[in-house]
Amino acid sequence: MKKLRWVTDGESWDLDVSTTTTLDGIATPLHAAGDTVPLGLSRGARLSRPKQVDFMQRFMAAPFVPCVVGNSGGGGRGGGKGLCVQRVLSLPFGSDCHTIGLDLGLLYHEVNCDCFLRFTTLLGQFNLQKFVTSVQKNDASDWLRSLRQCLADKTLYAAGICSDILLTPSDTLLLSCEAYGDTKTTRKKALFHHQFPDHNLTMGAVSPGLFIDKDGTYWDVPFAMAMDLASITSDSGPSFHFCTQHTSGSPKQVDDGETRESPVTLLPGFSLKGAFSFKKNVDIWRSKGKKLPMVQPFDMFLSTPHVSASGIIGAVATARVGENSVNSQVEEESLNFRPFNVSARGVKSSFMADTFATLLLTAQHGNFQRLFLDLTRVQARLDYSSGSKFLFAAAHLGQDLYNARKPTLEAVEAVLPQASFSLQQQIAGPFSFRIDSSVKVTPDWSRWQVKLEDPVFAVEYALQVLGSAKAIAWYAPKHQEVMVELRFFET
């Protein structure tokens with residue numbers, strides 16, 4: 001959702017969600033208490049928000065970067081809802097360093113230098129829409145005084161300072177602090193990343209931490225601390241993911257909409273998750289035709305027509321201690337759907353284990369070299385997040401059919417996978433249109449309902465000179481959010 005990565009990038013793990021709710025532009029996805037999909041800290045390479053704005057200012061002639069804060073803006077964003085503009089001031093420095101570049105890991109770093117580098121930015125935001133509205137409401141006879149009064153309104157502003165420190169070629173430390181003019185909330189974050197030869201380790205703490213549940217509601221948790229260890233994924237083969245998380249304080253809903261009950265998994269407590277999966281990629285067809293000579297593709301990773309499939313199967317176990325373990329077992333009373341679950345109510349603890357599976361299909365036409373309609377790319381994903389739920393429902397369906405009974409709609413819905421898709425179509429030159437969405441199927445004996453759930457629309461501009469990079473302007477109708485981002489090396 002709003003990450004606009006091809007769905008295979010996340011594999012069986014969740015990807016952080018892009019959002020305009022906070023200055024750093026990140027929210028952590030959250031599943032229901034019974035879902036055992038692994039949840040980690042950092043998934044996928046990504047430039048921090050200040051670095052993205054700095055890049056667009058330096059190399060894309062964008063003095064200000066626009067964004068639109070939507071339904072969640074009133075609960076933690078300076079200036080509330082509306083059209084905002086952002087600008088960053090950067091100060092990279094380090095001892096005896098002369099050259100600064102952008103490496104493939106998407107971190108500013110020194111080139112041919114053995115010392116550490118610190119890249120510090122000050123990101124400012126101004127609510128342009130609220131400012132224009134305020135000017136129009138004030139006395140037009142003394143426009144200069146009215147203008148000064150409007151500019152003095154601190155609720156128009158938000159600011160954040162962020163420092164990226166490259167400790168060693170394998171270790172980075174990110175420290176950030178954000179303040180908002182219309183609230184007393186100050187967001188602080190510390191994130192440490194270490195790259196092993198075959199694994200990535202991420203440790204971090206946030207106060208407050210921003211989460212988003214499966215219904216699209218944003219939540220603030222007063223304090224969250226986590227550690228994430230994951231094997232570096234390959235095209236095929238085994239991988240594992242191990243993460244721990246500690247939360248404290250009562251969750252608070254950020255959105256302005258209907259008040260909801262706090263998710264159980266965000267209540268104070270400690271959780272530990274471990275998962276193992278096996279992935280297999282198969283090329284059904286790959287073009288061997290010649291490309292246009294002496295013409296560089298707009299994206300080198302999107303230059304070969306092909307049809308491919310990928311399958312993932314794995315198992316995950318989750319242990320919780322604290323308030324987050326209460327009622328963590330999710331069950332459909334009519335069909336008795338449940339994963340393997342052991343709980344000790346006296347000490348507020350629980351253990352849950354389950355299996356999951358994913359099937360991905362990808363098809364691409366065109367080499368992305370010509371100026372018009374030379375790229376059409378479609379990807380569909382089917383997810384079974386709970387193997388036990390699927391088996392229970394399938395057994396129930398089989399029993400009904402064997403006994404010549406009409407199957408229940410609950411059982412039919414339970415055996416259906418979670419579906420999502422991505423569609424990309426080149427419009428002209430480096431510009432292409434993109435839509436990402438989940439597909440919701442509601443079974444009904446008279447008429448089955450199929451609808452798009454939480455779609456995201458985008459226009460992409462391929463940065464051809466960088467090989468595989470793009471600027472994306474996306475719009476999420478559900479939250480009324482618009483954001484301009486940079487993405488690198490997404491396939």
Side-chain angles (χ1 to χ4, degrees), residues 2 17-27 47-92 119-140 142-164 175-189 208 210 218 220 254-256 459 471-476 479-486:
K2 291 183 294 188
V17 173
S18 294
T19 178
T20 57
T21 303
T22 60
L23 282 175
D24 72 347
I26 292 179
L47 270 183
S48 65
R49 184 60 184 169
K51 286 182 180 178
Q52 292 185 40
V53 177
D54 180 70
F55 184 95
M56 286 183 273
Q57 289 178 187
R58 289 173 180 262
F59 305 111
M60 300 182 65
F64 298 97
V65 177
C67 67
V68 175
V69 183
N71 300 333
S72 58
R77 186 71 184 240
K81 304 177 184 179
L83 174 63
C84 302
V85 291
Q86 296 178 337
R87 183 169 176 83
V88 71
L89 298 176
S90 59
L91 181 62
F119 185 86
T120 302
T121 58
L122 176 62
L123 176 62
Q125 178 198 270
F126 180 74
N127 193 319
L128 183 61
Q129 182 172 331
K130 186 175 182 179
F131 170 73
V132 173
T133 303
S134 300
V135 171
Q136 292 174 344
K137 290 181 179 179
N138 286 345
D139 186 7
D142 191 353
W143 64 270
L144 186 59
R145 180 181 178 182
S146 175
L147 186 64
R148 288 198 302 266
Q149 289 179 347
C150 292
L151 290 175
D153 183 4
K154 65 179 183 179
T155 64
L156 296 174
Y157 303 95
I161 186 169
C162 178
S163 185
D164 272 319
L175 303 172
S176 68
C177 181
E178 303 172 8
Y180 302 89
D182 62 340
T183 68
K184 297 181 180 180
T185 302
T186 300
R187 296 184 179 274
K188 299 175 285 291
K189 176 187 288 188
L210 183 67
Y218 290 102
D220 265 343
V254 177
D255 303 64
D256 296 334
V459 174
I472 301 177
W474 57 258
Y475 167 59
H479 290 97
Q480 297 297 305
E481 291 180 321
V482 177
M483 194 173 190
V484 180
E485 288 191 277
L486 291 177

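No experiment lies behind these values; they were computed from the predicted model shown. Positions are given from 1, in the same order as the sequence printed here.
- Asp24 places no side-chain N or O within donor-acceptor distance of the main-chain N or O of Ser48, the cut-off being under 3.5 Å.
- For the residue pair Lys188 and Cys177, the shortest heavy atom distance occurs at CG-SG, 4.0 Å.
- Closest of all the heavy-atom pairs between Tyr218 and Ala27 is CE2-CB, 3.9 Å.
- Using a 3.5 Å distance cut-off with no hydrogens or angles, the side chains of Thr22 and Arg49 do not pair a donor with an acceptor.
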Worked check of side chain to side chain contact (heavy atoms under 4.5 Å, CB included) between Ser18 and Met483: CA-CA 8 Å; Ser18 294; Met483 194 173 190; 4.3 Å; yes
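- Partners of Phe131 by ring pair (Phe, Tyr, Trp, His ring centres under 6.0 Å), not counting sequence neighbours, listed by chain and number: Phe126.
- Considering CD of Gln86 and CD of Gln57, their distance stands at 10.0 Å, rounded to 0.5 Å.
- Val68 places none of its side-chain heavy atoms less than 4.5 Å from the side chain of Gln480.
- Between the Glu178 side chain and the Gly160 main chain, no donor and acceptor come within less than 3.5 Å of each other.
- For the pair Val69 and Cys84, the tightest heavy-atom approach, listed with the atom from each and the gap, is CG2-SG, 3.9 Å.
- Of the options Leu89, Ile161, Asp164, Leu175, a side chain to side chain contact (heavy atoms under 4.5 Å, CB included) to Thr120 is made by Ile161 and by none of the others.
- Of the inter-residue distances, the one linking Gln52 atom CD with Leu123 atom CG reads 10.5 Å to the nearest 0.5 angstrom.
- Minimum heavy-atom separation, Pro63 to Arg87: O-NH1, 2.6 Å.
- In this structure, Gln125 and Tyr157 have side chains that are not in contact, with every pair of non-hydrogen atoms separated by 4.5 Å or more.
- Residues passing the side chain to side chain contact (heavy atoms under 4.5 Å, CB included) test with Val484, sequence neighbours excluded: Met56, Val65, Pro66, Ala473.
- No hydrogens or angles considered: a donor-acceptor pair under 3.5 Å links the side chains of Thr19 and Glu481.
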Worked check of side chain to side chain contact (heavy atoms under 4.5 Å, CB included) between Leu210 and Thr21: CA-CA 9 Å; Leu210 183 67; Thr21 303; 4.1 Å; yes
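- By the 4.5 Å heavy-atom criterion applied to side chains, Lys51 and Ser90 are not counted as neighbours.
- Within the 4.5 Å cutoff, the side chain of Phe55 has no heavy atoms near those of the Val88 side chain.
- Annotation: side chain to side chain contact (heavy atoms under 4.5 Å, CB included) contacts of Ser134 (sequence neighbours excluded): Lys130, Cys150.
- Ionic pairing of Asp220 and Arg187 is present here: one or more N-O contacts between side-chain nitrogen and carboxylate oxygen are shorter than 4.0 angstrom.
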CA sep, side-chain torsions, deciding dist, call: Val132, Gln136, side chain to side chain contact (heavy atoms under 4.5 Å, CB included): CA-CA 6 Å; Val132 173; Gln136 292 174 344; 3.8 Å; yes
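- Although no hydrogens or angles enter the test, the distance criterion places a donor-acceptor pair under 3.5 Å between the side chain of Tyr180 and the main chain of Leu23.
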